[in-house]
Amino acid sequence: MDTAIVPSAGVVDGGVLHLWASGVGLGGEVERLIGARRGLGSVLAEAQRKEIHNKALLLHLREAWQKASRADDLLGELDHYRILWEEREENYGDKLLHDVGDKKMLLLTPGSDIKILNNDIPEAAQDTTGSSFSSEDTAPALQIVPNKDISREISEHVEECCRIAKYVHNALELENLDFHIAQRNPSTRTDPRETSPYHTEQKVYGRDREQDFIISKLTSMESTRTNLSVLAIVGHGGVGKTTLAKLVFNKSIVSEHFDILLWVYVSVHFDVVKIMRELLDTLCGDKHENIKKSEELTLQEKLEYMLRSKRVLLVMDDMWEDDKREKWDELQNLLLTNDCNGNRVLVTTRKPSVAAMVGASDCIKLEGLNKGNFWRLFKACAFGDENYKGDRRLEKIGQQIVEKLKGNPLAAKTLGKVLRRRFDVDYWRRILDTSEWKHNNDENDIMPALMISYKYLPFHLQRCFSYCAIFPKYHRYDKERLIHMWIAEDLIYSPDMHRRQEDIGTDYFNDLVDKGFLENQTEFSSLLVMHDLIHDLAQKVSSDESFTIENNEPTDAPLLVRHVSVITEQQYKTEINGKVHPNELFLRQFCNSFRKLQRRSLSTLMLFGPHDLGFAETFRQELNEVRSVRVLKLEMVFFELNALIGNISAFFNLRYLELGCFYEGPRLELPEAICRLYHLEVLDIKKNWGVSTVLPRGICKLVNLRHLIAKKELHAKIPSIGKMVALQELEAFDVRDSREFSLSQLKGLNQLRGSISISSLYWVSREEATEARLCNKVYLTSLELSWYSLSGSHIPLRTGPILEDLVPPSGLRNLRIVAYRHPLPSWLSTSVHLTSLRSIHLVKCLFWETIPHPQQLPVLQEMHLIDLSLVKKIEVGPLKILELRRLRYLSEFTFFDKEQSYANLQVLEVEGCPKLDESLSQIFMSSSEHKFLGLHRLQIKNDFILNTIPLFELIVIDSLADIDLRCEQQSGFGGLRLKPSGISNGIGVQIEGNEYIHKLDERLFALNKLRNLQELEIRGYPTERRQERSWDGFQQLTSLKKFRMIMCAVLFATDLELFLPPSIEELEFSWCNITGLFTDEQNQTEEGSWRIPPGCLTTMKFLHISFTRGKQDPSSMKFLQISFTRGKQDPSSVMLFSCKHGLGRFASLEKIVIENCLALLSRMVSGEASHISPSYLAKLSIAGVQDSILHLSQVSSIVDLEVSGCPSLSCLSLNSCTALEKVCIRDCISLRSIEGLESCTALRDLRVTNCELLQRLRASLSSLKMLAIEENKSLASLDLNSCTALQKLCIVDCPALESWEGLKYLISLEDLQVKRSPGFTRSWVSAAEEVSSEHSFSLPLQKLDVDDIGVLCLPICSMLTSLKTLFIDGGRDAQRGNVDILTKGLLLLTSLRHLNLERFVHLKSLPAELRSLKSLKGLFIGHCSSITSLPVGGLPDSLTDLEAYGCSEELNVACREMLRVRRINLSIDGTDVEQLSC
């Protein structure tokens, strides 16, 4: 069954359009066109209420819908002309060629579908070709044609609309209609329940055995003995693979076992780069931006950093490809090398061959549910109760339907929700008897059941659901974005004119979620996904109007296709460095398929996935004929929109424009032509673009724009935003000293919703504050008023008392006021205005002596008071969150309603309030009477804290899971930190201090609350002798996994005999005086000892022992004794270390850190006493030892080795270290040789720094990808033979390096840095000449950073055919003659995109050869003081970014003047320069 609906008029105002059209002689035509569209709307609305089987009628209905849409397009184009006409008339007056008086002339935009000409103009002037208006704001050359042409086009279309409307109306009356949709519930919300943003999964039936098996495999002790293992769930579509994986993923026993849990949807294409990026996004979230955006680290290195020493569970949902073994190996290598055992991957797939490819140790084959469990599931879905005992007739029909569903849970859920709508026998029987069941193909085919579920959706949901067919499988649907697309395509309709379309669309979206057509990706994600079988259904029901181009196979598109997506994810292979490989076969197929479409009728066009420059150019050409598109969504690889679209302003009817970046892009370049999209309602430029994105100057012309989805900083860059009265989001507004950015611009923006931050209010007068009318912004929920600038810079000393006039709307929920230097306004001090306020932040309001009384803010839940220096007394109501920071004169603190306040308070944070000790003490002393019933976080950083607060009473509060108490005094520091553990759902404790810590009750470890303690850190423990009672209950901490003792100088000199809990996995003693550390409980210990029970020998993963360098004399190091057995102590060891079995008894040890323990290492890892090699040891870190020779041949399992600060080390032997992947050696000033590197066949990262005596390095390894040689003064020879995988090479401060071999093997080198190593360049020139003489050779370098201009000589430059980025520091080249080398070399670098020139002090002007670099995008000139002008002939047309730093004022002036003639992003001395008017 097909449905159709006539689009509404969208943003076109019919009355205004008709009035304007009448003025130019088209009033009658426009009136008839509007009438024809309404007529089509009537018959299509009639068809919506019926189920139609007549195929001919269905075809005509689709045609009618097309005609109605085309009528809307024509009206939209005419309205575009109306706006353009009025704008040009207003701006240019008599410059326009027009004559409204005789109604013969009308404006024409070149390239449009509507041609309006004037007979009096010669034919030569009637050229309608060309592009749309350019970025200049000059008046366009207008072309004019006779009105009769547009009249004829409109008249012909009106006739077609009337013809098809009459046919459809008559056919509908004659059609035998046996199914009336009118019986369906017409409400837009079929389920009135409130829906959560996180989908709550129904009870899972019949999977207990599989669940228990998987959990046991993931969490058993056996699983921790291997580095990585893979489990696979295999089964047919819809059988519940993902549901089972989610069930396991969310179990507490699983989350407690793993440090990191990751979930990724793989889908049909196994794109390892995309998967890695998604994993990094999940790991970083809003944190670790420095890691996420680092240019120094590769994508793989970023992930390695985030996963290091963490036990990981990775779920890879719905894998299909079984021939990507190399890519799979690349991904699993992240977990194989993360210094941790017990990593697990759980794969779900339909194909057993995928399970085989990933090497699954266990394969769980999932079948359909058995009859009993399936019947219970069905009853839960259809009746809402698995134990339903109601109408026996319905149960009987239900059992018959169940037989057709083949035990498939997905089918039961979707169809059950359809049946649940009406408990009517006829309704259920009609579903049972529907002919759709006849299309069953095999025993696992559930498509008939899904089709029935679709047909019984309300029509508005059918349309919205079928639209999703153009998205790729496993697309993550963002609710707001999808709703905006539905609105743009006129799929949202309601007779209620008082409701926003966005709100109605939210109802639609929630209904689709409730009915199972969309589901949450994970519990913690706001994005949703569609099951692949549901997506197949969407493609099936929309096959006549939606079309996807995604493979190399020729496919004919249906005639009436309106929605098209191009999916390139499988076709264009990407590298981790961002390189995209071309695909000529797909490019030809794209052209063939796209050219067969009726491009002028396309309404939606989407591009997903990466692509190369060739595809971008072809895509740009093919879009020249696209005119009627309303939704345009593009994933971009190149940063300029013009790379994909050359005629953006020709899309007159564009409502929705989304421009995302496939990678993390620095910024997007938006052309001025976008400002001609007068009907644009949504501009989405947020995905992966930076804050330096360039908005067009005329963006305020987009008067119909409702949603600007972009970074907050971009919102603040819009000039004259007051014209955009339809705008609903404005996250930031930064006031400036210009009319375009005055606060009065906000006056008419009364549709604003959500939050807004207004900064730089020191520019605002009282008149402007009043004119802004903030009180009229009734839809705002959050408001920040800041006298700081958006960047946080300081404000002038003198500002006006304007806050009195900035009255916010009474319905505001969150208010933040920052740096206001005048008294409290009356709307906060004397009146009850903000009756809905939930949260208030008051920051640096230095002249406020009081705060609002609780009665003025009756529903307030959060109060944050920061840097209010004059406030002495506060009274607060029953808050949930209270924060007090740096209120230095605050001495009195009371609760307005004490009993309710104690019950409500959840978070209390106090810092820097020195006079508050008495009031705060009274509160806590009385807490035993009133009780903190809900307090879960307490942070107090005050000098008095440890002397006045009963710590023990606080800790035992059941709800209090996060305690942070700190005391700072001249005599020392102390504190207690109890927090959620980073390991899992457990808790962690940090104890820190000196003599003040003795206030902590000695029964701490005996508390039941700490039975789940998983992390314990004790730092700076008091020097006084402790009593044994202090450690009561310590051994009973059976969940403790991490134990750290830091700077506890005398702790172990006591007469205690203490036992570590057997659960310990990570043990660290740093800067501690350890007199005894034993592993044999039979030992006779000396005074003061710690016992490591035998259980730890099999679970310990991490051991760290260190001393502060310089604090201990090597001759006095005998106070450290480590004895693992009863063997005799070796008197020759200054460490008194006895190691008959050494660390070898620690069977699970994965990581050892030994720092500044001097001779300790020689007894542990050297010579005949070497027993440091438990079979799983993956990382060894050595620092500050005295050994002269280190033999690590016994530690063959090591993956990561770090040796630093070992001044006596002369030889490092790596023989037999075949597992080594990363080696870092630094500050070993006596090191002369590194032996056995050739045996390190897995080594991929080698770094050698500051090894002054090292003269030769042989790094001939085919596995090596990264090599960094820095500050090695004596290094003379470097062997790079066989380094075919080397991607990055860094040579810095190696002045003696004169010889290096292996240039011809560097076939993968992409990044090269050479600084202060002149011999390397000379050797490179010689090697380049030698190689070039033998055969044609090129280096795949993408980035080159050098300080020797000699690299730009002919032999080298001829090799650099792929170079994209070049950094040259000219500080070492003082001769002027070298400038000639620069100019000649640049001519050869035709692929260059970014050029940095620094410290060329003798360079008088930029080389004219720069003009020949046609691909150059960015140019940086730094500290080139002699350059006074730009190059003769100008800079390349391709240049978009120019930065000058520390250069002459003449050059700065020349750069600024250039802004008058071309658009470019200019920065001078770190400050962005705005575009100048032409």
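Count residues from 1 along the sequence. Owing to the predicted nature of the structure, the values given are computational and were not obtained by experimental measurement. Every heavy atom of this structure was used, including side-chain atoms; hydrogens, water molecules and symmetry mates were not.
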J.: Applying side-chain contact (heavy atoms from CB on, under 4.5 Å), name anything that partners Ser1362, two or more places apart in sequence or on another chain.
T.: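 Ser1362 satisfies side-chain contact (heavy atoms from CB on, under 4.5 Å) with Gln1342 only.
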J.: Using ring-ring contact (aromatic ring centres under 6.0 Å, His included) as the criterion, list what pairs up with His1423, not counting sequence neighbours.
T.: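 For His1423 the ring-ring contact (aromatic ring centres under 6.0 Å, His included) partners, ignoring immediate neighbours, are Tyr1445.
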J.: Considering non-hydrogen atoms only, spot the tightest contact between Pro1431 and Leu1410 and give its length.
T.: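 Residues Pro1431 and Leu1410, closest heavy atoms: CG-CD1, 4.5 Å.
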J.: Please list, chain by chain and in numerical order, all residues satisfying side-chain contact (heavy atoms from CB on, under 4.5 Å) with Glu1271, sequence neighbours excluded.
T.: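 By the side-chain contact (heavy atoms from CB on, under 4.5 Å) rule, Glu1271 matches Thr1249, Asn1250, Asp1293.
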J.: Can you confirm whether Asn1452 sits close enough to Asp1469 that some side-chain heavy atom of one is under 4.5 Å from a side-chain heavy atom of the other?
T.: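 A side-chain contact exists here, since the closest heavy-atom pair is under 4.5 Å.
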J.: Test salt bridge (charged side-chain N to carboxylate O under 4.0 Å, His left out) on Arg1316 and Glu1270; report intermediate values, then the result.
T.: CA-CA 10 Å; Arg1316 298 177 293 281; Glu1270 301 181 25; over 6 Å; no
J.: Please check if the side chain of Ser1448 supplies one atom and the backbone of Ile1427 the other of a donor-acceptor pair under 3.5 Å.
T.: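 Confirmed, Ser1448 side chain pairs with Ile1427 backbone.
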J.: Where the side chain of Thr1440 meets the backbone of Lys1417, is there a donor-acceptor pair that is under 3.5 Å apart?
T.: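 Such a contact is found between Thr1440 side chain and Lys1417 backbone.
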J.: Could I get the full list of ring-ring contact (aromatic ring centres under 6.0 Å, His included) partners for Phe1320, not counting sequence neighbours?
T.: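 So Phe1320 forms a ring-ring contact (aromatic ring centres under 6.0 Å, His included) with Trp1300.
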J.: Got a donor-acceptor contact below 3.5 angstrom from the Arg1247 side chain to the Val1223 backbone?
T.: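 Here the side-chain-to-backbone pair does not exist.
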J.: Report the C-alpha distance between Asp734 and Ser759 in whole Å, list the side-chain angles of each, state the deciding distance to 0.1 Å, and finish with yes or no for side chain to side chain donor-acceptor pair (under 3.5 Å).
T.: CA-CA 5 Å; Asp734 194 31; Ser759 54; 2.7 Å; yes
J.: Kindly give the heavy-atom pair with the smallest separation between Asp1245 and Leu1264, and that separation in Å.
T.: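 Smallest heavy-atom distance, with atoms named: N-CD1, 3.9 Å.
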J.: Is Arg1411 paired with Asp1437 through a side-chain N to carboxylate O contact shorter than 4.0 Å?
T.: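 Here Asp1437 pairs with Arg1411 in a salt bridge, since their nearest N and O are under 4.0 Å apart.
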J.: Does Arg1460 pair with Glu1457 as a salt bridge, N-O distance under 4.0 Å?
T.: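 Salt bridge: yes.
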J.: Above 12 or not: heavy atoms from other molecules or residues under 6.0 Å from CZ of Arg739?
T.: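 No - once you tally the heavy atoms of other residues, nucleotides and ligands closer than 6.0 Å, there are 12 at most.
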J.: Please table the atom pairs, donor to acceptor, closer than 3.5 Å between any side-chain atom in residues 714-721 and protein atoms at least two apart or in another chain.
T.:
residue, atom, partner, partner atom, Å
His715, ND1, Glu731, N, 2.9
His715, NE2, Leu708, O, 3.1
Lys717, NZ, Val691, O, 3.1

J.: Are the side chain of Glu1310 and the backbone N or O of Lys1343 linked by a donor-acceptor pair below 3.5 Å?
T.: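 Looks like no, no N/O pair under 3.5 Å.
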J.: If you take all heavy atoms of Leu1430 and Ala1454, which pair is closest and at what distance?
T.: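 That closest heavy-atom pairing would be CD1-O, 3.9 Å.
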J.: Sort out for me which residue in Leu1386, Leu1439, Leu1435, Thr1390 forms a side-chain contact (heavy atoms from CB on, under 4.5 Å) with Leu1416.
T.: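 The passing option is Leu1439.
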J.: Considering residues, nucleotides and ligands other than Arg1258, do more than 12 of their heavy atoms fall under 6.0 Å from its CZ?
T.: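 No, CZ of Arg1258 has 12 or fewer neighbouring heavy atoms, counting only those of other groups under 6.0 Å.
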J.: Measure across Thr693 and Gly690 and return the closest heavy-atom pair with its distance rounded to 0.1 Å.
T.: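 The pair with the smallest heavy-atom distance is OG1-O, 3.0 Å.
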J.: Is a donor on one side and an acceptor on the other found under 3.5 Å between the side chain of Asn1272 and the backbone of Leu1275?
T.: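 Not at all, since once roles are kept as given, no pair shorter than 3.5 Å links the two residues.
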J.: Yes or no on salt bridge (charged side-chain N to carboxylate O under 4.0 Å, His left out) for Lys1315 and Asp1369, after CA distance, side-chain angles and deciding distance?
T.: CA-CA 9 Å; Lys1315 294 289 187 70; Asp1369 187 334; 5.2 Å; no
J.: Holding to side-chain contact (heavy atoms from CB on, under 4.5 Å), I want the full list of residues that pass it with Ser1429, two or more places apart in sequence or in another chain.
T.: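 Applying side-chain contact (heavy atoms from CB on, under 4.5 Å) to Ser1429 gives Ser1405.
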J.: Are the side chain of Ser1317 and the backbone of Val1314 linked by a donor-acceptor contact shorter than 3.5 Å?
T.: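 Answer holds: no.
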J.: Looking only at atom types and distance, does a side-chain atom of Ser1415 sit under 3.5 Å from a main-chain N or O of Arg1393, one as donor and one as acceptor?
T.: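 No, because the side chain of Ser1415 does not come within donor-acceptor range (under 3.5 Å) of the backbone of Arg1393.
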J.: In Å, rounded to the nearest 0.5 Å, how long is the span from OG of Ser1323 to CG of Leu1297?
T.: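 Rounded to the nearest 0.5 Å, the OG-CG separation comes out at 7.0 Å.
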J.: Find out whether Ile699 and Leu683 are in side-chain contact, i.e. whether some heavy atom of one side chain is under 4.5 Å from a heavy atom of the other.
T.: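 A side-chain contact under 4.5 Å exists here.
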